[in-house]
2 protein chains.
Amino acid sequence: MSRVHLARSAKPAVTAVPSYVNTIMKGDCVAALDKLPDNSVDMIFADPPYNLQLQGDLQRPDQSKVDAVDDHWDQFASFQAYDDFTRAWLLAARRVLKPNGTIWVIGSYHNIFRVGAKMQDLGFWILNDVIWRKTNPMPNFRGRRFANAHETMIWATKDQKGKGYTFNYESMKAANDDVQMRSDWLFPICNGGERLKGEDGSKVHPTQKPEALLARVLMSASKPGDVILDPFFGTGTTGAVAKRLGRNFIGIEREQEYIDAATARINSVKELPAHDLKIVTGKRAEPRVAFSALIDAGLVKSGMKLTDSKRRWTATVQADGSLSHGGVQASIHKMGATVQELDACNGWTFWHFDCPKSKKLMPIDSLRQIVRDQMSKAGA
Amino acid sequence: MSRVHLARSAKPAVTAVPSYVNTIMKGDCVAALDKLPDNSVDMIFADPPYNLQLQGDLQRPDQSKVDAVDDHWDQFASFQAYDDFTRAWLLAARRVLKPNGTIWVIGSYHNIFRVGAKMQDLGFWILNDVIWRKTNPMPNFRGRRFANAHETMIWATKDQKGKGYTFNYESMKAANDDVQMRSDWLFPICNGGERLKGEDGSKVHPTQKPEALLARVLMSASKPGDVILDPFFGTGTTGAVAKRLGRNFIGIEREQEYIDAATARINSVKELPAHDLKIVTGKRAEPRVAFSALIDAGLVKSGMKLTDSKRRWTATVQADGSLSHGGVQASIHKMGATVQELDACNGWTFWHFDCPKSKKLMPIDSLRQIVRDQMSKAGA
DNA sequence: TTCTTCTGTGAATCCGTGA
DNA sequence: CTCACGGATTCACAGAAGA
């Protein structure tokens, strides 16, 4: 096992990374994965091989070669071998994935069904399948099928308990005309200047993925400073995009030719400045402010009347930060739910107060922002 | 086992059909399939239970409850139970499929990977996976994932030897701007007048598929007179579309409620005249058209008469997106050129329709803009 | 009658934190 | 671990209701 160390700008001091991070590990995917510690990577992007017929060097987990036979038995043997291979690398990858990490696997109809089923068998919990629609797919030359114009990605957590995974929802929404991002993405295939070519002009790797695709994957489901593992590194699209976007990477690749191409490619990538990598966040990321903090700040006084936007109900602020209405006392949320006869309610947006300045009804949520501004000033 | 016989116009005399054709067989899917002869159906369309594993209630942001698919027929104890079920019905379906027949199976990420892997295991040979992109999917209410905006269909032959399957390549191409049809299709979900509702206004079936989707499946991969089997018939979308398009159907369904709804529905369907169902064949070299998108969108219906601006000629819209006039069938452009005895013609501006709203002749090009608006909204 | 606004709903594996 | 609870979160259409 050897490692290729790549020149790289310094990461934030808070996240000192182990020596194998931002390197390409040469060798078999499972053997290399076995060298990494448990629960150590934030995200995995995997583009495994799939074409059994052309991929004559497919190996079983025990490194023995699969005999190529062209009878019916061969089909079963090939599928079985591919399933064994899939199970082996998925298991090894799963061990190194953090409990709240996620994995992406890309494939076509040749392999994605087998991979997806095996992922479910091993306990991965699918979040979405995402369709990469190609603007410029290769046509079907024989005219016997539909043009195969897409590939499928599976996005999954380590298990059903993995609820705290990274998903930059607001970021995706902002990038999509302020409507939430869908499960079908439109990108051109990788060609032109981005496509790595040899000296003879031939493509270095047969299935180089477009950087735009990887960029959306990393922007949606990782944070700057995260460690991104790609166990089938190829010519290093994942590494190049990770570096550019301020993420760390670990690559695993068997072929020296691809490692050389990836190394040169990643070394030439410039990391974007940190202020370009900020992630749009919504209310969820704001610090929590208790209703009582509004009383402490003098913005709300006990005895003050609150009402809903249509003045159907009123409630009185209590000194302890609860509301009273009809002889009952409860939190702003519980009270909002109770009067509306609902299971739940966001009291911050439900309850309003008469603003003497604008002479309009204003949600108490607007006061919370004032407290947050005060807190950030004091804390800074 | 009982059968519901449906009123149906006569089929072409050349294809006398057995008594179980154009009926709904009531009962368990595998048991019913076992009653059908070997190698007897031309195409299978299957919409099996998806095995959704919903964790609890889901509320919209306005606190209303999402009407979940929690029907008993979608409940399975484990992946193993679902796999056993899948294997059983696929095996039974495979036996009745003709050697050159094809099968379509639709699903979501919950089940489609397991189904696809099992299909490969059983020897089915996948031709394409086709993505149904929804123009109007249900959003992700909690902002924790990408909006699940598509479903996946697998299209496969009985085995690798099935080379003589039906694929109306030219028909699909003519209907798609004269470029070959891709593996991603854009359709709205089934609602509005097409959605079957009970007397109380509630939906009869939780997962009724749009007729436009089935129409493209049948138009692309079957011929008039073919026998189409749907082992999970539900409210009979497959049967309704098959009848309209001059195909025969066999439905299998367990629930009497669905059988009743499907029976009434199919009885009210009118079969299109045979001359509207001709399938375009042969090489063509024509300017680009996207006429079938108007049919998909319901803006143009097969059988509709088009005319030029001075009503000198009329032509009839065919279900496959071509026009017929004087016993000839061609694209809107070629037909316009033919009747005028010109070399070329822009069919979009030449052919007009009687607009019931403005009571004027309007060029069909005016409809194309409506479709463009719909498609751009969906991010096409 | 016509245009605008409001309301309902669709195959959904849909929360995070602190006690 | 579980449990309690604060409080964040939706797009495209169709059809009804209102202006």
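Worth knowing before you read on, the calculation uses all heavy atoms, side chains too, and leaves out hydrogens, waters and symmetry mates. Lettering follows sequence order; numbering is per chain, from 1. If you're wondering where the values come from, they're calculated on a predicted model, not measured in any experiment.
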If [N] has a Watson-Crick or G-U wobble mate with both distances under 3.5 Å, name it; if not, just say none.
N: C/dA11; answer: none
N: D/dC5; answer: C/dG16
N: C/dT5; answer: D/dA16

Between B/Arg87 and B/Asp84, is the closest basic N to carboxylate O distance under 4.0 Å?
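Looking at B/Asp84 and B/Arg87, the cut-off is not met.
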* NZ/NE/NH1/NH2 to OD/OE distance under 4.0 Å, A/Arg182 and A/Asp184 ->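 Counted as a salt bridge, because a side-chain N and a carboxylate O are separated by less than 4.0 Å.
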In residues 206-213 of chain B, what donor-acceptor pairs under 3.5 Å come from side-chain atoms, sequence neighbours left out?
from: B/Thr207; atom 1: OG1; to: B/His205; atom 2: ND1; distance (Å): 3.3
from: B/Gln208; atom 1: OE1; to: B/Leu196; atom 2: N; distance (Å): 3.0
from: B/Gln208; atom 1: NE2; to: B/Glu194; atom 2: O; distance (Å): 3.0
from: B/Lys209; atom 1: NZ; to: B/Asp47; atom 2: OD2; distance (Å): 3.0
from: B/Lys209; atom 1: NZ; to: B/Thr207; atom 2: O; distance (Å): 3.1
from: B/Glu211; atom 1: OE2; to: B/Arg265; atom 2: NH2; distance (Å): 2.9

Counting heavy atoms from C-beta on, name the nucleotide in [options] closest to the side chain of [X].
X: B/Asp62; options: C/dG10, C/dC14, C/dT9; result: C/dT9
X: B/Gln55; options: C/dC14, D/dA8, D/dC11; result: C/dC14
X: B/His110; options: C/dC14, D/dC11, C/dA12; result: C/dA12
X: B/Pro139; options: D/dA8, D/dT10, C/dA11; result: D/dT10
X: A/Lys163; options: D/dT9, C/dG10, C/dC14; result: C/dC14
X: A/Lys283; options: C/dA11, D/dT9, D/dA12; result: D/dT9
X: A/Lys334; options: D/dG6, D/dA8, D/dC11; result: D/dG6
X: B/Asn136; options: C/dA11, D/dA12, D/dG7; result: D/dA12
X: B/Arg60; options: D/dT9, C/dA12, C/dG10; result: C/dG10
X: B/Arg144; options: D/dA8, C/dC15, C/dA12; result: C/dC15

Quick one: label [X] by what it contacts on the DNA or RNA (base, sugar-phosphate, nothing), any heavy atom closer than 4.0 Å.
X: B/Ser108; answer: nothing
X: B/Cys190; answer: nothing
X: B/Gly193; answer: sugar-phosphate
X: A/Gly336; answer: nothing
X: B/Pro210; answer: nothing
X: A/Asn176; answer: nothing
X: B/Asn148; answer: sugar-phosphate
X: B/Asp74; answer: base
X: B/Pro137; answer: base
X: A/Ala344; answer: base
X: A/Val179; answer: sugar-phosphate

Mind checking the [atom1] distance from [N] to [M]? Whole angstroms is fine.
N: D/dA17; M: C/dT1; atom1: C1'; value: 15 Å
N: D/dT9; M: C/dG10; atom1: P; value: 24 Å
N: C/dG8; M: D/dT10; atom1: C1'; value: 13 Å

Problem set entry | 5'-most by nearest nucleotide on DNA chain D - A/Trp348 or A/Lys161 |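 Here A/Lys161 is the residue nearer the 5' end.
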Residue closer to the 5' end of DNA chain D, B/Gly192 versus A/Ala290 (nearest nucleotide) =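 That would be A/Ala290.
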Phosphate OP1/OP2 of [N] contacted by [X] side-chain N/O (<4.0 Å):
X: A/Tyr169; N: D/dT10; result: yes
X: A/Ser331; N: D/dG6; result: yes
X: B/Arg145; N: D/dT10; result: no
X: A/His333; N: D/dG7; result: yes

Interatomic distance where [atom1] belongs to [X] and [atom2] belongs to [N] [whole Å]:
X: B/Tyr50; N: C/dA12; atom1: OH; atom2: C1'; value: 13 Å
X: A/Ile332; N: D/dG6; atom1: CD1; atom2: P; value: 8 Å
X: B/Ile189; N: C/dG8; atom1: CD1; atom2: C1'; value: 12 Å
X: A/Asp184; N: D/dC11; atom1: CG; atom2: C1'; value: 13 Å
X: B/Met138; N: C/dG10; atom1: CE; atom2: C1'; value: 4 Å
X: B/Leu54; N: C/dC15; atom1: CG; atom2: P; value: 12 Å
X: B/Asn191; N: C/dT9; atom1: CG; atom2: P; value: 12 Å
X: A/Glu286; N: C/dT17; atom1: CD; atom2: C1'; value: 17 Å

* Under 30°, 30 to 60°, or over 60°: which ring-plane class applies to A/Trp104 and A/Trp155, parallel, tilted or perpendicular? ->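 Rings of A/Trp104 and A/Trp155: parallel, under 30°.
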Has the side chain of [X] got a donor or acceptor that lies under 3.5 Å from a partner of the other kind on the base of [N]?
X: A/Glu170; N: D/dT9; result: no
X: B/Lys209; N: C/dA11; result: yes
X: A/Arg288; N: C/dG18; result: no

- Item | Any side-chain heavy-atom pair of A/His333 and A/Asn346 under 4.5 Å |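 In short, these two side chains touch, coming nearer than 4.5 Å.
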- Message: Can you tell me if B/Arg60 has over 12 outside heavy atoms packed within less than 6.0 Å of its CZ?
- Response: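 Yes, because the 6.0 Å sphere around CZ of B/Arg60 holds more than 12 heavy atoms from other groups.
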Around atom CG of A/Asp38, are there more than 12 heavy atoms from other residues, nucleotides or ligands closer than 6.0 Å?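 Correct, the count exceeds 12.
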**Report entry** side-chain hydrogen bond (donor to acceptor under 3.5 Å, both in side chains) assessment of B/Asp260 paired with B/Gln256
**Finding:** CA-CA 6 Å; B/Asp260 294 342; B/Gln256 189 61 46; 2.8 Å; yes
Exercise for review: Report the C-alpha separation of A/Thr86 and A/Lys118 in whole Å, then their side-chain angles, then the decisive distance to 0.1 Å, and conclude whether the side-chain hydrogen bond (donor to acceptor under 3.5 Å, both in side chains) test is met.
Suggested key: CA-CA 7 Å; A/Thr86 300; A/Lys118 194 60 79 182; over 6 Å; no
